[in-house]
Asker: 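Sharing a structure, written as structure tokens. Questions coming.
Proteins get letters first, then strands, A, B, ... in listed order; numbering begins at 1 in each. Heavy atoms only: backbone and side chains are in, while hydrogens, waters and symmetry mates are out.
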Amino acid sequence: MGQDGEDGEGRPVLTPQQHADEVKHAVRTERNLAWKALIAVEAVVIIVLIHAILVR
Amino acid sequence: MEPVLVVLASGARWLLVGFVMAGALPLVAAAWQIALVAVHGWRNHYAECRPYFPRVAVLIPAWNEGAVLGASIDRLMRLDYPEDALRIYVVDDASTDQTPEVLAAKSDEYPGRVVHLRREKGGEGKAHTLNHGLAILLADDWMEALLVMDADVIYTPNSLRWMTRHLADPTVGAVTAYIKEGSKPGSTITKFIAFEYITAQAAARRSQNVFGAMACLAGGAQLHSRENLVAIGGRIDTTSLAEDTFTTFLTQLNGRRVVFEPHAEVLAEEPDSINGLWKQRLRWARGNVQLTLRFKNLWFRRSRAHGLGDASFGLFWFCLFLLPLFMIAASIGLVGLYFLDFPLAWTLFHALWITNAVTYVFIGVFALQIDPGTGRRVWLHALMFPGLVSVLIILYTCFPPLFDVGIAGLLRQVGLGTGPVWSAGLTLFIYVWLAASMGAAWLAKWIEPRRWGRPLSVALVWIVGYGPLLCAVTFTAYVKEARRAEMTWDKTEKTGKVALS
């Protein structure tokens, strides 16, 4: 056993395609965080706008 | 006024302005660090990942962990990882509870895969316990990678193989996972910790991936390549209280990368009392003081071999490390200017707290989306993280008419809130609050073991804030280290409250 990713009975634990799919999913999830950051920025902009209107 | 006095007054004014601005520095740095998470989708280590299943030795230091060890071993055995490439070595640090019996039963249940290593002399600390096991593991060539974990943590099924895939890249020396607070149903304190871990682990470590310098491998999830362990001397530093941070730094100083795998989730049981939390965090904070001094020649000195000397990493490190001093400086600045230049103090107060509000909203809204599962459980704790008083000050600075017309109007109707004494008192109170909140947080720790102390102390944390509580711990660490207080290994008591769902 070792680097070829097979268990004690010779079964593959992970095929290269499965690995590629998992990495793709991880990267997609990470890239979605950029949109979530934008939502947080929007929340800040809304607070600042309300503040500006109230103190005008 | 005499010219000399004019110069002195001007110098003092600028000094105090600098103090107030210092209070804003950690806020800006924290927001910048969290903002970097947004680019983690493009600056990460996934392109270098390969399917890789090295022979992993799991090393668990255990002192009186009988209540949690059995479940942790069972979970490890169910990991999605090749059976013959995973062995568990538990270093029993002279336990006096049922730990030996639990280990004997698990060794019988999983023959050849669970190994009991007993130390007859215990209590020297986690690093000594780990070194006992490490010496045995390195003497044999079976182990290709080492996973150091705590006895109570529970690994989600895919977590280990998602960590090992990064070790396929020989430039990576170590990998860490996302430690989540996993107590069910959870208390006020554990829920505050759960939110803290979204920001301090899930978010901050992603940003550390982005700029290529990792502050710390989570103590409960440290995966090292064998080559890395040999390169850092084959043993864990025993001279400080932050052995995991030392190992992280040494790995990077030896030219190997440390990677955070955010999708490998590990659940841990964290303290559910203020005093338990205080003991744990005081150990960490004292360790960080020791480390900061030990590596004093490292900071803000760029190196091709590692990113620890980069200005951005140094800024993040010191903004957190010196946060209590920044808070005290801001309060001193505002109070000083109150007497020296009242309008300037008022302007700077608004600027500081609006910066605080922007940071609070940005980090809170973003963090809750980074781990939405935990976020749904702890959104109220995220909202109240700075404490009720600070939230009210933030609301006041953002929406002053709400207070000037609404609350102040109500107070005036009952004969309060009018007059110069009331106004001056309130102004000074909010100016001094950043520093005073740490003292109030200390009061929560002091009051907890006393009669009726538990509910009172929890109420005080809601009012004062969890953030100031951590700052109070850091300040105490400065004092303890300055007084060269004895290093004690105060183990966090674990009771097995962690559940996967």
Side-chain angles (χ1 to χ4, degrees), chain A, chain B residues 31 34-55 80-86 144 158 161-162 164-165 168 202-203 206 209 261-264 350 354 357-370 372 394 397-402 404:
Chain A
M1 167 58 232
Q3 302 184 10
D4 57 357
E6 293 181 348
D7 68 6
E9 296 170 2
R11 289 172 301 163
V13 168
L14 197 68
T15 65
Q17 186 57 47
Q18 284 172 322
H19 166 77
D21 289 345
E22 286 186 352
V23 168
K24 199 173 162 187
H25 177 261
V27 171
R28 194 186 306 131
T29 307
E30 293 305 304
R31 290 187 178 175
N32 279 341
L33 291 177
W35 294 109
K36 294 177 176 181
L38 275 182
I39 293 171
V41 171
E42 282 174 22
V44 169
V45 170
I46 290 167
I47 299 288
V48 171
L49 281 176
I50 296 172
H51 170 74
I53 292 165
L54 287 176
V55 300
R56 199 173 56 167
Chain B
I34 302 298
L36 283 178
V37 173
V39 295
H40 189 242
W42 292 269
R43 291 194 63 173
N44 54 59
H45 187 255
Y46 289 116
E48 280 79 46
C49 283
R50 300 284 177 270
Y52 181 56
F53 299 90
R55 291 190 297 268
D80 188 14
Y81 203 82
E83 273 186 21
D84 57 357
L86 187 69
E144 293 175 326
N158 295 327
R161 67 181 177 83
W162 283 348
T164 56
R165 61 188 176 182
R206 273 182 170 96
N209 270 351
E261 171 49 75
H263 299 275
H350 273 86
I354 284 176
V358 166
T359 312
Y360 163 70
V361 171
F362 177 71
I363 293 178
V365 173
F366 193 15
L368 290 176
Q369 298 175 91
I370 288 172
I394 285 170
T397 45
C398 286
F399 315 117
L402 286 178
D404 293 342

Asker: Pick one of side chain, backbone, both or neither for B:Thr397, based on which atoms fall under 4.5 Å of a heavy atom in chain A.
Answerer: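 For B:Thr397, the contact with chain A is made by the backbone alone.
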
Asker: Decide yes or no on side chain to side chain contact (heavy atoms under 4.5 Å, CB included) for A:Glu30 and B:Tyr46, but give the supporting numbers first.
Answerer: CA-CA 11 Å; A:Glu30 293 305 304; B:Tyr46 289 116; 4.2 Å; yes

Asker: I need the minimum non-hydrogen distance between B:Ala38 and A:Ala37, along with the two atoms involved.
Answerer: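 What the structure gives for the nearest pair is CB-CB, 3.7 Å.
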
Asker: For B:Phe366 and A:Leu33, work out which heavy atoms get closest and say how close.
Answerer: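 Distance-wise, the nearest heavy atoms are CE1-O, 3.4 Å.
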
Asker: Starting at CG of A:Asn32, measure out to CD1 of B:Ile370 and round the result to the nearest 0.5 Å.
Answerer: 12.5 Å

Asker: Is it the case that more than 12 heavy atoms not belonging to A:Trp35 sit under 6.0 Å from its CH2 atom?
Answerer: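 Atom CH2 in A:Trp35 is not packed in, count stays at 12 or less.
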
Asker: State which residue, out of A:Ile46, A:Val45, A:Val44, A:Val48, fulfils the side-chain contact (heavy atoms from CB on, under 4.5 Å) condition with B:Val361.
Answerer: A:Val44

Asker: Quick check: closest heavy atoms across B:Cys398 and A:Ile47, and the distance to 0.1 Å?
Answerer: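 The pair with the smallest heavy-atom distance is SG-CG2, 3.9 Å.
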
Asker: To the nearest 0.5 Å, what is the distance between CD on B:Gln369 and CG on A:Leu38?
Answerer: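 The CD atom of B:Gln369 sits 10.0 Å away from the CG atom of A:Leu38.
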
Asker: What residue in B:Pro400, B:Cys49, B:Ala357 has the most heavy-atom pairs under 4.5 Å with chain A?
Answerer: B:Cys49

Asker: Quick one: closest heavy-atom pair of B:His263 and A:Ala26, and the distance?
Answerer: NE2-O, 3.7 Å

Asker: Could you tell me the separation between the CG atom of B:Leu368 and the CD1 atom of A:Ile39, rounded to the nearest 0.5 Å?
Answerer: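 Answer for the CG-CD1 pair, B:Leu368 versus A:Ile39, is 12.0 Å.
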
Asker: Quick one, B:Phe53 and A:Leu14 - any side-chain contact, counting heavy atoms below 4.5 Å?
Answerer: yes

Asker: Is the shortest distance from a Lys or Arg side-chain nitrogen in A:Glu22 or B:Arg161 to a carboxylate oxygen in the other one below 4.0 Å?
Answerer: yes

